[in-house]
Every structure is written in C-alpha cells, then in structure tokens.
Amino acid sequence: MDNRRAAAERWEDPRPESWWARYPHRITNGGHEPSSPLPIPRPNGWRRLGIASTLLLLSALWHLGRDTGTLASRDGWTFFEPLRLVLIGVARAFGSPHTDLWRRLWVLILFVVAFATWCRFYREWLAYRPGAVDVREFDNAADPKDTGRAAYLKSRFCRQLASTSIYPPYAGPAAVPPQNFLVVLGESPETLTNPLAVLPKVMARLWPQSGYLIRATLQERKQEPGCGLSVTVTSFAGGTGSATTTEWGATWEDATCKAAYWAMAKILPMTRLARVAPWRPWRHRDLPTGLFEAYNEAKKRHDERRLDDALWWYREALRLDPFNPDIRMMVASVQEDLGLFLAALDTYHGALCLGELESRYAASLWTRRRDRWRHPFRYPVAMLSAISRRRELIRLRYQYAKTLAYSERTVEDWFATDAVGERRVLRDQIRDRLTAAFVDRYWPVLSPFRNAADRAEAYERTRTALEAVATARVLFNLAALQEFHRLYQDSALAWWVVPRGSTVNRRLLRLARDVWAPLRLGRALHDLNQDRLTAAGLTVDWFTGGQVGDLPNLRRWWSRRRYRRTETMVRGWPVQPERLRDAIGRAQRRRLGTGRLDYLDYYAAAAVYSYALYGYVPVPPPSPAAELAPAPPAGLEDDRRRRSLTGYAVIELQAAMASAGSRPAAQVSLQTTTQTGVASRLRSWIGSSDPDFGRLRGSDEFRFLQLDLYQPMRSVWRRPENVTRIRIAAYVKKLLHDGAGLLERNWHRRCAPPWRGDVHDMIEWLDLDNRTWRLLGKMAEDRAWYWLHRAQFCRLVTEAVDLVRVADLRFPPPVPTFDELVIEVPDGLESPLRRDGAVEKRVADLTAHVDEIVQQIGRVTAELSAASAELGLGALRRLDADGDQPDLTSLREVCSRRAAHWQRVVDLLSDDRLRVEFIDPEHIQLEP
C-alpha cells in the first residue's frame, strides 16, 4: 500500500527527474582566483586589542588615584567619581614627585601600548573603509624639465580615484587636507620649547593619515603606444605589501586613466566596498583591471543615457565575469529602457539559471505545504544557503517575475515580425530557448493531475499555448503569479541574510502577489474571453476543467484563503475602485517588523490604480476620416469609476513624490553617484517607462499633476500609451544625423590646405569610411532598430573623427525622454477635446516616417558607393602598388566627394517633423 502511494505521489510530483539525482559538487569549490597582492586589512581584531589596552590603562590610573587620592564619602558618591579618580591618577602619574617610579613607568608603558594599538587599528580602518589615499608627486622620467605635465596628470589621476569613493572629493597636486583634530593641532605655529605644543605635533606625526600610498613615474618609449605610467600601490594594512605595473596609452591622458583604473582595481577588493554588488565575488581576490574598467565605463554611459554604448561595455564586462548576476541585472535594465523587453526577460532568466540548477529552481517553485511540513529543515536551509551565496537573489527573482507579468509588451516582442537579419536570428534563438525553459518549468499550470498521462499532455499544451498571442499572455501572467507566491514565502528567510534597507520588502511583494499580479491575469483572461477566439485549439471558457484559464490548477499549491482571494480579484475584472482600495489597504497594512510606508509603496499603489483604468478606458480604433478616435461607449457608472481610479492614482503619486522629496538618489553602483534625485527618477519612470501608467498618461488629471509637481513651464502634451518606440525613433534620427555631420566635417577638414596625409593615410581613411557605409546599409535593412549596429556605428564614427571634436559635440547623443522630443504641429496632442487615438496615430506616423528615412538612406548607399568608385580604395591601392603617387588635386577631390555624400545623409535627416532638444551646458548663461 505504501509503495503504491509513493508511486502515485511520484508521478503527481511536478519536479523533474533530475531532482532525485544527487546534487553535484559546485565547480567553484575546486578553483579559486588568485588572491590580491595587497594584504587584507583586519580592523576588528585591532579594535578589540585597543579596547582591552585602554581598559587596562584606565584601570591602572583608577587604582593609582584610589591609592593616593581622597575617597569621597558614600553620601558624596556620584556617577563621575570614577572619572575623578582617573584624573587624580593622571595627575599623580605625570605631575606628582611622590609617585613611585615603577608606577609611572607602568602607566607610561600602558599609554604607549594603547596609543600604538589604536594607531594600528586606525591604519587598518583607513585601508578597509577606505580612507584617504596618499598620492605622491609624479616623477617625470620622460622629460624632467616639464614639471607641469606631472602635476596635471596627478590631478587627473586623483579625479579618477574620486569617482569610486576611495579618494576624498578633491583633486590636484596639493597636500592631503587634515583628517582629524590631532593633525590640526600639529599644524599650529608653536615653537618646540613649549611642551604642550610638542606633544600634539608628535602625536600628529605618529597618527596615520592614509591607508594606501601611490607613487607614479612618467615614461616614454618609441614603440606604440608610447606614453606610459609606472604605478606602485603600497598598503599600510597588516604586513606592508605593494603591487606595481606600467600602463601604456596613445596619449598621456589615456595612460593616466588606465593607471587609475588599475590602482582602483587593486585597492577596491581589500575595502568594505567589495562587500556589496557587483564586486562581492571578488572580495580579497585579484580583480581584473579590464572588468573594472568595462563596468565603470558602462555605468558612466548608463547614467548619461548613452544606452547603446553602455550595453556594449556591459557586454565586455560580462565576457570577463559571466557569472555576475548584478551586471546581468544592469544589462536587463538597459534593455528595458531600449525597448528590448524579450531580451530583458532572457537576461533575467539566464541570471537565475547561473546560480542554481533548473531542476532545483523548478522543484522549489512547485513545492506544496505538505512537502514543507514533511521536510521542515530541507527547504529553509536550502533557501538560506542560496540567499547567502547570492544576496541579490530576491531582487533578481522580483525583477524576473515583474517582467513576466508585463506580458503585453513581452508577448509583442515574442510574436514580432518586423525584425530582419541578425536581430531576427537573435529573437528566434531567445524565443526557442525560453519556450523550452517555460515548458519544463510552468507545465503544472495546465495540468489537472488526474492520471499519469496528464504530464505529457501538459507539456504539449504549454508549448501550444506559447504559439498564440492571447494564450501566451495568460500563461505568462499565470507563471508570474506563481513566482510572486513562492517569492513572498521565501523572502521571510532573506531577512536573516540580506541587510535591511533593501528596496524589495515583504510589503511590496505582498501587494504584487495579492493585487498587482492577479489584476494583470484578470485582464489577460478577460481579453481572451472577449475575443471569442479558439486559439491553438484551446477554448477560452472561464474556469472550465483543463482549459488555459484553469486557475483551479493552482489550488493544490496555495492555501485555501489565498486561492479564494486571488480568484476573486482575477474574476472581478474590471475591478471596482472601492474593492481595489480595500485590497491595497489590506496588502499594505502594517504588520510586525514593518515600518511606515515608503515612496515605493505609494508608487506601487499608484501603479495598481493606473493599471485598473484599462478596464474602463479601452483603446478605441482611430477614425481615418477625421483622424480622431470615436469616444468609447461608456455609462455614467463606468465614468465615475474611471474618475475614482484616476483620482486614487494621482493621490498616490503625489504621496510618492512627497515621500521622495529632493533627497539624492542612492548610489546605483560603487563607482558613480547619480546626480539626480529620487523624484527626478520617479518622474522619468512614470512619464516614459512604466507600462502600468499607460492609460493614466492620457488623462487630464495626469497633465495637471505634471504642471503642479514638475513645473515644465511649457504646454504639456498628451502622452501615448507606449513612448518607447517614439523615443528610440527620435534617438536613431539624431544619432545618424550627428554621426553623418561629424564625418562630413571631418572630410572637409582633411581636404583643407595644408595637406596632412599621404596615399597610405588616404587608403586607411577610405577603408574606414567604406566600412561605415556598409554598416549603414545593414542598419537600413532593419531600420536601425538593432542596438549592436547602432553601437558599431558610434565606434566607427569615433574612430574616424578626432576625440576632442566628438567630446565637444557630445556624440553619441543620449536617448531622449519624451519631454525632450519636439514634434511638429502639436495641435491635437495638447487639446482636451481630442481622444487618445489622435496621440497614438501621431506617434505611429512619426515612427513610420523615421523608418522610411532610414530605409531611404539605405537605398542611396549603393548609389553613393558607385559614384565614389572612380578614384576609390581599389584605385589608390593599385597606384600604391605601382609606386605612383596621385596628385593632391585628385585626393582633395575624393575628400570633397565623400563629404558631399555624408552631407546628403544629413539633408535627409534634417526635417523638423521629429527632433530632439537637449539643454547644452555650454550655452547656459550663468552670470551677466
């Protein structure tokens, strides 16, 4: 009987067969990266020794004061009586001639030991914190007479160190400023005859002021690159250790930047900065300089919104550290901002699969309560172990579940047909990989577990559901609901491992599990039911056995109360405002261990209210005759609910902004502190990125909120539901326009007298220009929607043009926000009488206009290449092989012709239907 029961439970178990295999040994247990050449600072041990030595010194002084001083009566005993005895002991030890010599010597020895111990602790603490880095004057071995270059390069070196919080916020050849009160006393202009002035000077000289010492020497060689900087980093922690290297660059600035990155890569793993993301795996190890440089450059471009270039550098960082989940989450955030939602889901999924086997993750996802009662220690210990190894696991799973729940935009990329070339191949690979993973992971959603054949049938039905748009949306939302359900249970264990202050708290997870995710699932099921379709052979009746919308299949994995509340929320679409308000209040109710509501809690509540508007403000089809959308038929009750939901959402947004205020945003990384505040980032996310606010952005109440809170000082337009495509289209247009303009002026500068190159330089220039034209043709085939082609175009332009001119024109341009777009003839976008369909149609027309321009550039590429073949690259190579030299007139003519070709591209992109206006800091008048 027991065997039959065990076999029955075995085929009902949704866990894969690999779950029953022995867990393999981790590969990372066998091999370790080389340890850092610098010693590891250990301030805690010296702190304990300092406290012990200080207590011994105070005890000796107390006994000395008690033996020689006058004891107070019991009635006169006060709290400060031990302090009085200690002061008497100090006076007797250093001022009284009647104190025994051995007593004085004993107190002096204890004082020296305590002072030396605290000095050692502070030196270790400066190396661990980290404190100030003592950068000595640079030696100029290349040209000893040129002292100004060494001072200038030291200033750049210090400024580079300041970006990592390792160096204080100052830079230059000046001395290190005072770090404590002893140093200030030691700088007093007293003579050495005064004993009260000598002691602070001596103590200031003995007290440590820095944890690391950096020396550098400028070098020069004939081999390219010829500018070098020899750097030595010395640590004062523990046994003094040092590391040295020589970094070479094409310019002195390039060599200085590489040397600064190398110094930071050596220092950072020894400090407490390595205890947080993304450097936690490299703590006390030799951090590769290339990884540190790639991440810093990517983060710098990420903050500047140069997203294509940032994604290029993040890819380089992942190549050097492919198992770093924090870098993968940064990659996914850039992909979401670029509109690559399917790629972002794939990035989150890959980060989840790195730290845990797929079988283990799927098994923990589909465990039942009786399994946890049967093994009370197995699941908590396994989860605690996983979170301790990967502190970012809760946040990673939260982002993954949210991306699944954003099914409308992910499914749009899943079934997109407009991709061509390499972007289409990449999309198909991502789709095939995620299909296989989702079938293995989420098949229990579609299985009633009636008999043994249900498992194989559920596999096939899951794969079939992913082949249709409507059923794929439902499956994605069901998967997100199960992910949030299990994540909320596992987050209780994260409190013991993850430090407090994390942005993903249990209140936020409870709101997502109980309200936000069921609301999205309800809309997906409602849309599927309203279409009256039979997609992929699956009917769409509500909650019938074995259908795609069969929520009862999840009953075996949840508690009865949780299932009933979720079912009520799912079946109540479109939800009533009062019921939704009660559900949000119940989810955000204060519980044991939870504090006041944060700005993220208000923001999440506003997102729920805004998303509920999709039930009352549907997107109507546009009227082609008047270019307006007809008003959707709605009764007075629906209009009242729409206004109630809009009012609730605006109130929550106001509360979120008031809670965020003007405080600075937290450090996104260890290397770069954001220059904007929390409110500015919330504004950008609400107005341009978050899909939950799509229906709210078109309302008058949201426009009034913008006028009240943001003060744009101009007319506020109605925003489309999805602003990502119009933003990327405007970015593509400006990128190609600025790049073509740089290349056109560069060719004009080359042909201007006096002539600066020979035939070999001309061959190199033409080869680079031909590669740029070929890439432009590939971009035109896909309408420049592939980020890698855009990043390669930026690099080719940067390689051809002088870096100084590229920096002056701020190329590549940042990806604009919707507020930075200038749309021609905005009539209708700001009018309260126009419907949302006018806005959607205008945005679609402008996006199609940019696509047409890019394709037109591709059509003229072949024409321009044929016109340049008369004296092109092949002709110059033949002349060079024959030993002939072309005349300067012909070379200048080639340069002029190439400039004219790029000018034609600029002319095609110079219309005013859609342009971007950034605020140029150079043109801001600061003073009259």
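Residue numbers count from 1 along this sequence. FYI, side chains are in, hydrogens and waters are out, and symmetry mates aren't considered; it's all heavy atoms of this structure.
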Partners meeting side-chain contact (heavy atoms from CB on, under 4.5 Å) with Arg424 (sequence neighbours left out):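 Once residues adjacent in sequence are excluded, the partners of Arg424 under the side-chain contact (heavy atoms from CB on, under 4.5 Å) criterion are Ala419, Arg427, Asp428.
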Partners passing side-chain contact (heavy atoms from CB on, under 4.5 Å) against Leu788 (at least two apart in sequence or in another chain):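 Applying side-chain contact (heavy atoms from CB on, under 4.5 Å) to Leu788 gives Trp312, Arg315, Glu422, Tyr786, Gln792.
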Any donor-acceptor pair under 3.5 Å linking the side chain of [X] with the backbone of [Y]?
{"X": "Asp782", "Y": "Gly421", "result": "no"}
{"X": "Arg306", "Y": "Arg301", "result": "no"}
{"X": "Arg506", "Y": "Tyr488", "result": "yes"}
{"X": "Ser699", "Y": "Leu696", "result": "yes"}
{"X": "Glu820", "Y": "Thr817", "result": "yes"}
{"X": "Gln335", "Y": "Ala344", "result": "yes"}

Who passes salt bridge (charged side-chain N to carboxylate O under 4.0 Å, His left out) against [X], sequence neighbours left out?
{"X": "Arg523", "answer": "Asp527"}
{"X": "Asp337", "answer": "Arg727"}
{"X": "Lys778", "answer": "none"}

Ring geometry between Tyr603 and Phe693 (parallel below 30°, tilted from 30 to 60°, perpendicular above 60°):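 Taking Tyr603 first and then Phe693, their aromatic rings sit tilted (interplane angle of 30° to 60°).
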Parallel, tilted or perpendicular: ring planes of Tyr400 versus His349, cut at 30 and 60 degrees: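 Tyr400 and His349: tilted rings.
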Taking side chain as C-beta onward, heavy atoms only, is [X] less than 4.5 Å from [Y]?
{"X": "Leu735", "Y": "Arg790", "answer": "yes"}
{"X": "Leu466", "Y": "Leu434", "answer": "no"}
{"X": "Tyr406", "Y": "Asp692", "answer": "yes"}
{"X": "Phe484", "Y": "Leu511", "answer": "no"}
{"X": "Trp785", "Y": "Asp418", "answer": "no"}

Closest approach of Ile327 to Pro278 (non-hydrogen atoms, all atoms of both residues): CG1-CB, 4.3 Å
Salt bridge (Lys or Arg N to Asp or Glu O under 4.0 Å) pairs, two or more places apart, involving residues 338-354: Asp346-Arg433
Reference residue Asp845; test side chain to side chain donor-acceptor pair (under 3.5 Å); the match among Arg842, Lys841, His849: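 Between Asp845 and the candidates, side chain to side chain donor-acceptor pair (under 3.5 Å) is satisfied uniquely by Lys841.
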Trp557-His485 aromatic ring centre distance below 6.0 Å: no
